[in-house]
Amino acid sequence: MDLYDAAKPLLFRLPPETAHGIVHGGLAAVQDTPVASALAQRYAVDDDRLAVTAFGERFPNPVGVAAGFDKNAEAPGALASLGFGHVEVGGVTAEPQDGNPRPRMFRLGDDEALVNRMGLNNEGAAVVGERLAATDVGVPLGVNVAKTERVDGGDAPADYREAYEQVADGGDFFVVNVSCPNSKGFRELQNRDSMEAILGELVDAGASPLLVKLSPDLPEPAVADALEVVNDLDLDGVVATNTTTDRPASLRSPEAAEDGGLSGEPIENEATRMVQFVAERVDVPVIGVGGVSSAEGTYRKIRAGASLVQLYTGLVYEGPTLAREINEGLVDLLAEDGVDSVEDAVGADL
Ligand SMILES: Cc1cc2nc3c(=O)[nH]c(=O)nc-3n(C[C@H](O)[C@H](O)[C@H](O)COP(=O)(O)O)c2cc1C
């Protein structure tokens with residue numbers, strides 16, 4: 001039996017944020033130790049068919065860790081040793097902030113989902129930037145940059161720039177988060193004028209490769225507007241999607257009533273639809289996120305137009321073998337379809 005199968009019932013008896021802290025702390029503790037090398041030998045799937053080149057970076061496989069799992073960049077190397085092909089750390093803000101009061105993360109056990117209203121708790125870009133400077137991950141590292149909660153919308157461009165400049169040397173790509181449902185005045189930043197101002201400021205600061213992460217709750221015309229900004233400013237990619245404030249009727253867990261963003265299995269199909277909507281409208285790589293927990297689901301997002309995928313909630317429910325399972329499964333799915341590589345499968349359903 002896998003170690004996580006044994007640990008999961010115990011972890012699931014703890015409040016979700018406590019359980020996350022234990023797993024995350026364990027990962028941070030083994031980073032840069034022989035344990036991490038041993039994990040890498042066990043979990044990394046080394047197969048050229050899985051490799052993807054996107055925005056000038058070579059990813060050894062398409063499966064990455066989504067933002068929020070390692071907010072302060074304490075364990076990116078350990079996550080890479082679990083077989084992930086990239087890690088997105090953050091969100092980080094220019095100033096350190098505590099986030100919302102606990103409890104702020106809820107397990108929807110019957111739905112393989114989470115609801116969170118963390119509120120962008122993080123140690124601040126200066127601390128994260130210093131940590132990244134001392135970190136060698138071995139796979140591309142993305143940094144998710146967000147707005148400090150107390151900063152008003154009009155000052156948002158300068159605030160994003162300040163955060164970016166402190167992590168600039170530590171990231172291989174940068175994701176602008178304008179889609180967090182849990183921080184005041186945040187998702188309003190997705191209107192065309194705000195996006196132009198924020199993203200324009202970051203382009204001006206030299207942020208590259210620069211991607212933007214969108215909410216699944218944006219109506220289609222607003223997504224289309226946002227994508228015009230992506231095209232106009234020559235951004236390097238789009239991350240689709242963040243969590244949703246929507247609550248599908250299928251949810252069975254009482255925790256569904258909690259305020260916050262829903263992630264996991266119930267958002268999978270909607271996220272895949274949004275990947276397709278985005279991929280039809282931009283020529284740059286799309287990172288597909290939302291409810292990924294299997295090779296089949298990963299393959300669906302890739303065929304819908306995602307060059308890379310990310311996951312968070314799947315890791316909670318499936319455990320640390322997930323990247324390996326997905327990568328091994330992808331090789332089989334490619335072979336079944338007679339497709340030579342992941343890159344050849346990107347957008348096959350478009
Ligand atoms: C507890 C938690 C914290 C998160 N924090 C962030 C964040 O700081 N920035 C961000 O862009 N997304 C954040 N996310 C969203 C994830 O990156 C991802 O977009 C979302 O959870 C959907 O993927 P999943 O279904 O695989 O979890 C967070 C998600 C969770 C569950």
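Whatever order the structure lists ligands and atoms in, that order sets their numbers, starting from 1.
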Participant: May I ask you to identify the nearest protein heavy atom to atom 23 (O) of ligand 1, giving residue, atom name and distance to one decimal place in Å?
Facilitator: Val289 CG1, 3.5 Å

Participant: Would you check the N or O atoms of Leu114, main chain and side chain alike, for any that come under 3.5 Å of an N or O of ligand 1?
Facilitator: no

Participant: Among Gly68, Pro16, Ala67, whose heavy atom sits nearest atom 14 (N) of ligand 1?
Facilitator: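 Among Gly68, Pro16, Ala67, the closest heavy atom to atom 14 (N) of ligand 1 belongs to Ala67.
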
Participant: Tell me the protein heavy atom at minimum distance from atom 1 (C) of ligand 1, and give that distance in Å.
Facilitator: Tyr312 OH, 3.4 Å

Participant: When only distance counts, is Met105 in polar contact with ligand 1, meaning an N/O pair under 3.5 Å?
Facilitator: no

Participant: Counting from 1, what ligand 1 atoms have a heavy atom of Asn144 closer than 4.0 Å?
Facilitator: 9 (N), 10 (C), 11 (O)

Participant: Are any of the N/O atoms in Asn116 less than 3.5 Å from those in ligand 1?
Facilitator: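 Checking ligand 1 against Asn116, no N or O pair falls under 3.5 Å apart.
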
Participant: Using the ring of each side chain (for Trp, its six-membered ring), is Phe55 parallel, tilted or perpendicular to Phe59, with breaks at 30° and 60°?
Facilitator: perpendicular

Participant: Do the charged groups of Asp349 and Arg300 touch, with an N to O distance under 4.0 Å?
Facilitator: no

Participant: Can you tell me if CG on Asp46 sees more than 12 non-hydrogen neighbours from other groups inside 6.0 Å?
Facilitator: no

Participant: Does ligand 1 come near enough to Thr313 that some N or O of the ligand is less than 3.5 Å from an N or O of the residue?
Facilitator: yes

Participant: Could you tell me which atoms of ligand 1, counted from 1 in the order shown, lie closer than 4.0 angstrom to a heavy atom of Gly290?
Facilitator: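 So the answer, numbered in order with elements, is 22 (C), 23 (O), 25 (O).
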
Participant: Under 4.0 Å from any heavy atom of Gly264, which atoms of ligand 1 are there?
Facilitator: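 Answer, ordered by atom number: 25 (O).
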
Participant: Looking at Asp340 and Arg49, what are the two nearest heavy atoms and their distance?
Facilitator: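 Taking Asp340 first and Arg49 second, the nearest heavy atoms are O-CG, 3.0 Å.
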
Participant: Any idea which part of Asn177 is under 4.0 Å from ligand 1, heavy-atom wise: side chain, backbone, both or neither?
Facilitator: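 Within the 4.0 Å criterion, Asn177 contacts ligand 1 through side-chain atoms alone.
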
Participant: For the residue pair Gln190 and Asp225, establish whether any side-chain heavy-atom pair is separated by less than 4.5 Å.
Facilitator: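 No. Closest side-chain heavy atoms not under 4.5 Å.
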
Participant: Under a 4.0 angstrom heavy-atom cut-off, which atoms of ligand 1 come close to Leu311?
Facilitator: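 Selected atoms, number and element: 26 (O).
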
Participant: Could you report the tightest heavy-atom contact between Ala168 and Phe174, atom names first, then the distance?
Facilitator: O-CZ, 3.3 Å

Participant: Taking Glu228 first and then Arg281, would you say they form a salt bridge - that is, a charged N and a carboxylate O separated by under 4.0 Å?
Facilitator: no

Participant: Taking distance alone, with N or O pairs closer than 3.5 Å, would you say Lys213 contacts ligand 1?
Facilitator: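 N/O-N/O distance below 3.5 Å exists for this pair.
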
Participant: Closer than 4.0 Å to some heavy atom of Leu120 - which atoms of ligand 1 meet that?
Facilitator: 8 (O)

Participant: Are Asp155 and Arg161 ion-paired here, with the side-chain N under 4.0 Å from a carboxylate O?
Facilitator: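 Salt bridge: no.
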
Participant: Going by the angle between their ring planes, with limits at 30° and 60°, are Phe69 and Tyr312 parallel, tilted or perpendicular?
Facilitator: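 Ring orientation, 0 to 90° scale: perpendicular.
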
Participant: If you take all heavy atoms of Tyr160 and Asn177, which pair is closest and at what distance?
Facilitator: OH-O, 2.7 Å

Participant: Looking only at heavy atoms, is any part of Thr241 under 4.0 Å from ligand 1, and if so is it the side chain, the backbone, or both, or is it neither?
Facilitator: backbone

Participant: Provide the number and element of each atom of ligand 1 under 4.0 Å from a heavy atom of Gly291.
Facilitator: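 Reading through ligand 1 atom by atom, the close ones are 24 (P), 25 (O), 26 (O).
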
Participant: Can you sort out which atoms of ligand 1 are near Gly91, meaning under 4.0 Å from one of its heavy atoms?
Facilitator: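 By the 4.0 Å cutoff, the relevant atoms are 7 (C), 8 (O), 9 (N).
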
Participant: Pick, from Glu265, Met118, Lys71, the option with the minimum heavy-atom distance to atom 5 (N) of ligand 1.
Facilitator: Lys71

Participant: Please step through side chain to side chain contact (heavy atoms under 4.5 Å, CB included) for the pair Leu120 and Val92, ending with a clear verdict.
Facilitator: CA-CA 7 Å; Leu120 290 168; Val92 293; over 6 Å; no

Participant: Sort out for me which residue in Arg107, Arg104, Lys71 forms a salt bridge (Lys or Arg N to Asp or Glu O under 4.0 Å) with Glu17.
Facilitator: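 Between Glu17 and the candidates, salt bridge (Lys or Arg N to Asp or Glu O under 4.0 Å) is satisfied uniquely by Arg104.
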
Participant: What is the nearest protein non-hydrogen atom to atom 20 (C) of ligand 1, stated with its residue, atom name and distance?
Facilitator: Thr243 CG2, 3.7 Å

Participant: Select one of side chain, backbone, both or neither to describe which atoms of Asn242 lie under 4.0 Å from any atom of ligand 1, heavy atoms only.
Facilitator: both

Participant: Atom 21 (O) of ligand 1: which protein heavy atom is closest, and how many Å away?
Facilitator: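 Looking at atom 21 (O) of ligand 1, the protein heavy atom closest to it is Ser263 CB, 3.3 Å.
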
Participant: So that I can tick it off, tell me whether Arg192 and Asp232 are bridged by a salt bridge, with the cut-off set at under 4.0 angstrom between side-chain N and carboxylate O.
Facilitator: yes

